[in-house]
Every structure is written in C-alpha cells, then in structure tokens.
There are 2 protein chains.
Amino acid sequence: MAAHELLRDHGVHVTAQRLAVLRAVSSRPHCTAENIVETAKDEIGTISRQSVYDTLNTFVEKGLVRRIQPTGSPALYEDRVGDNHHHLICRDCGRVVDVDCSVGAMPCLQAANDNGFEIDEAEVAYWGRCPECKTSTLEKTASNHNH
Amino acid sequence: MAAHELLRDHGVHVTAQRLAVLRAVSSRPHCTAENIVETAKDEIGTISRQSVYDTLNTFVEKGLVRRIQPTGSPALYEDRVGDNHHHLICRDCGRVVDVDCSVGAMPCLQAANDNGFEIDEAEVAYWGRCPECKTSTLEKTASNHNH
DNA sequence: GACGACTTTTTGACAGAGTCCAAGTTGAGC
DNA sequence: GCTCAACTTGGACTCTGTCAAAAAGTCGTC
C-alpha cells in the first residue's frame, strides 16, 4: 500500500510533512524524534520540530508507528507495528535490537493479575550489553593490567 | 538487615542523607525524585536536591533501588529489587502498580534470541487504564450524551 | 477549477526533569 | 585527628517535549 493511502485509510490528512515523517521512521529501525527531524528535512527541505512531534503523536495514536521509551533514553519510533516484538537494549551504548516474543504470539499481554486494569499493550525490554560493548570492556580490563 | 549495614555492605558511606533517601524510597511503592526530596526533608530537616539525585544514582548503580521510567512520567524509584516483578501503568493517570511475573520465577529473562547480548534484566510494562480511569471515562461519555 | 470549513504547520516561547559546575563546608572511617 | 568522600548552595545549562496564535494547506462540495 502506498504511503498516501496508508494515511488516508487511517483518517489523517495527507501532507508532505507527514509523508516525510513516515518515510523517516521507515528508514531506520529505531529513531528518535530528533533523527526524524533531520531525515525529514533532508527530504523536503524544511519541517518544524513541532510538526514532527505532532505527527508522531498522531501516528502513534492511529497505530501507524510504535513508540518505545527505554529508561534514560529519548523516545524511539519504529514502523514495525502489530507483531508484538520486543527489544534488546545495551546499557553501555544504548543500541536497540528487535527480538521476537519469547513466549509466542501475544501471550505476554496477559499479566498474572491485571488488578482491574484494561491492558492494551505489553512492552518488554531486555537490558544488557551488546557484543561490541562486552568486547571493549574486556579490552579495557586487559589494558588496565598493563599499568 | 539494618539500613546501616545494607549501605556498608554495598560499599557506600553511611550518612544521614543516604539513610533518609533509602527510607523515603521504602516508604511508598513508587516515588519520584521530588517525592523523595520532600519525604527526606520531613525526616532530617534539610537535604539538597543535588544530594538526592546523587544518592539515587549511587543506589541504582549499587543495586539497592530500582529505577523505572514510564513514558511521560518522571523516573520512579522502588526498593523492591531482585525479584523481577513487573508494572501495570495507567495511560490516563500514570498510576503504577506492581504485578508478579506472569511466566513464573525469572524465566522472562530469556529472550527467544539474545543476539549475542549479555542480558541481566527484563523490564516488562503493561500499559492500559486503571479501574478508576475506566469508570471516569464512562461517566464522561454518558454526560456527553446529555448535551 | 474555486470556495470555505476545518486541519496542519510554523514560530517562538515555555516547562519539566535532570545534569554539570565550582567552591566551600561537613562528616565518615581509618 | 587526618584524609578523602559526601553534602550544600545556587545558578547555568541541556535535552525532550508542549503550548499558543497566526499562517498555510487539505479536501469535500459547489
């Protein structure tokens, strides 16, 4: 489906800014609002930060993009929606990697006890260290021994 | 274990401020840095905001308290560490409620594919609406019908 | 096509959370 | 008691994100 129709079908007006934001989100796996401002500017010349925030909020609301917010990081946006995948986040470099749900298709939406809440999303973040950061820590430790 | 020894064992100096911060975190399930400043002031008379932030960062680093950061809310701190419980968060009022791990004891630490990451924590947030906010929305909807 | 209601975008100010800095004071632990 | 760590004060600053009002653009209808 063309981006144009995608927006129409979700009941939002089609504008150059929105198309650019949508393409910016698609262009890389996990980007910040700031990334999107830059990417969209590259594409259409100029766009205000406010428009990007407004557009992202609209998209999130309409289910066109998904927002994730790891502790200590600005919000990230991705266009992979509806498949309930999760994220691996590196504590050192902040890198985010997609990972499929370990329990299967969507069961993690069920909490053990919902306390009367009406749950619509389960966000799972695995925290740790990515291969590169593991390696560089080892190197640093080794070089410390040379003091 | 007394708070005093708890700090000692984690290799941090024992000070009135740190004890007050620790107690403030324990005093309620999920508190903001601002809550802690106030609670600690009530206890020891005066403490600087800077100290509270420093202390909280130290505690998080040492594993004495856990920090969670829901979208659109300041960071929250809790002293329930090491049991891998999760959180229910209300999209409307921001209320946070503890919930035990749905899969059992710590198995959600295992991602389907760790991509070479060394994972040390799985953070799960269930997003939805709390009973109170569900009710108040219904009331608002009902009153709109009366226009 | 042109009109007009309504939605978006722009611009710039603003707010909240938290960090950084620096210098001086206090206090913990050996 | 000495030394180093921790605390205070206060302000400047950064980073994300929102608010408000005016200008511009979209889209259904004529």
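Order of the sequence lines fixes the chain letters, A, B, ..., with proteins taken first and strands second; residue numbering starts at 1 for each chain.
Pairing each heavy atom of Phe59(A) with each of Val21(A), the nearest pair is CE1-CG1, 4.0 Å. Scanning all heavy atoms of the two residues, the minimum distance from Ala20(B) to Glu43(B) falls at CA-OE1, 3.8 Å. Considering all non-hydrogen atoms of both residues, Leu56(A) and Val65(A) come closest at O-CG2, 4.5 Å. Across all non-hydrogen atoms, the minimal contact from Ser27(B) to Ala24(B) is OG-O, 2.7 Å. The nearest pair of heavy atoms linking Gln17(B) to Ile44(B) is CA-CD1, 3.9 Å. Residues His4(A) and Leu19(A) come closest through the heavy atom pair N-CD2, 4.0 Å.
Rounded to an integer number of Å, the gap from CD of Glu61(B) to P of dA5(D) is 15 Å. Straight-line distance from the CG atom of Leu19(A) to the C1' atom of dG25(D): 13 Å, rounded to whole Å. As a whole-Å value, the separation of Ile36(A) CD1 from dC15(D) C1' is 16 Å. For the pair Leu76(A) CG and dC15(D) P, the interatomic distance rounds to 16 Å; values are reported in whole Å. The distance from atom NZ of Lys62(B) to atom C1' of dA6(D) is 14 Å, rounded to the nearest whole Å. Computed from coordinates, the Glu34(B) CD to dA15(C) C1' distance equals 14 Å when rounded to whole Å. Taking atom CG on Leu56(B) and atom P on dC7(D), their separation rounds to 11 Å, with Å as the unit. When the C1' atom of dG29(C) is taken as reference, atom NE2 of His4(B) falls 10 Å away, rounded to whole Å.
For residues 45-54 of chain B, the set of pairs meeting the salt bridge (Lys or Arg N to Asp or Glu O under 4.0 Å) definition, not counting sequence neighbours, comprises Glu34(B)-Arg49(B).
In this structure, Tyr77(B) OH and Leu64(B) CG are separated by 13.5 Å, a value rounded to the nearest 0.5 Å.
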*Determine, for nucleotides 1-9 of chain C in 5'-to-3' order, which nucleotides have protein heavy atoms under 4.0 Å from the base (write B), from only the sugar-phosphate (write S), or from neither (write -).*
------SSB
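Under the side chain to side chain contact (heavy atoms under 4.5 Å, CB included) criterion, Arg91(B) pairs with Asp120(A), Glu121(A), Trp127(B), sequence neighbours left out. Evaluation of the side chain to side chain contact (heavy atoms under 4.5 Å, CB included) rule for Arg28(A) yields Cys31(A), Asn35(A), Thr39(A) as partners, not counting sequence neighbours.
Side-chain atoms of Arg18(B) come within 3.5 Å of backbone N or O of His13(B) as a donor-acceptor pair.
Under 4.0 angstrom from either OP1 or OP2 of dG18(C) there lies no side-chain N or O belonging to Asn57(B). Residue Tyr53(A) has a polar side-chain atom (N or O) positioned under 4.0 Å from OP1 or OP2 of dG17(D).
Counting atom types as modelled, Arg49(A) pairs a side-chain N or O with a base atom of dG17(D) as donor and acceptor under 3.5 Å.
Residue Gln50(B) is classed as a base contact, given a heavy-atom separation below 4.0 Å to a base.
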Which atom pairs link the protein and nucleotides 28-30 of chain D when you take only N or O atoms and keep those under 3.5 Å?
none

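Two end axes, each from the C1' atoms of five base pairs, can be drawn for the helix from dG1(C)-dC30(D) to dC30(C)-dG1(D); they diverge by 50°, to 10 degrees.
Between Val52(A) and Ala75(B), the residue whose closest nucleotide on DNA chain C is further toward the 5' end is Val52(A).
Using a 4.5 Å cut-off between side-chain heavy atoms of Ile, Leu, Val, Met, Phe, Trp and Tyr, with links allowed through other members, Ile89(B) and Val97(B) fall into different hydrophobic clusters.
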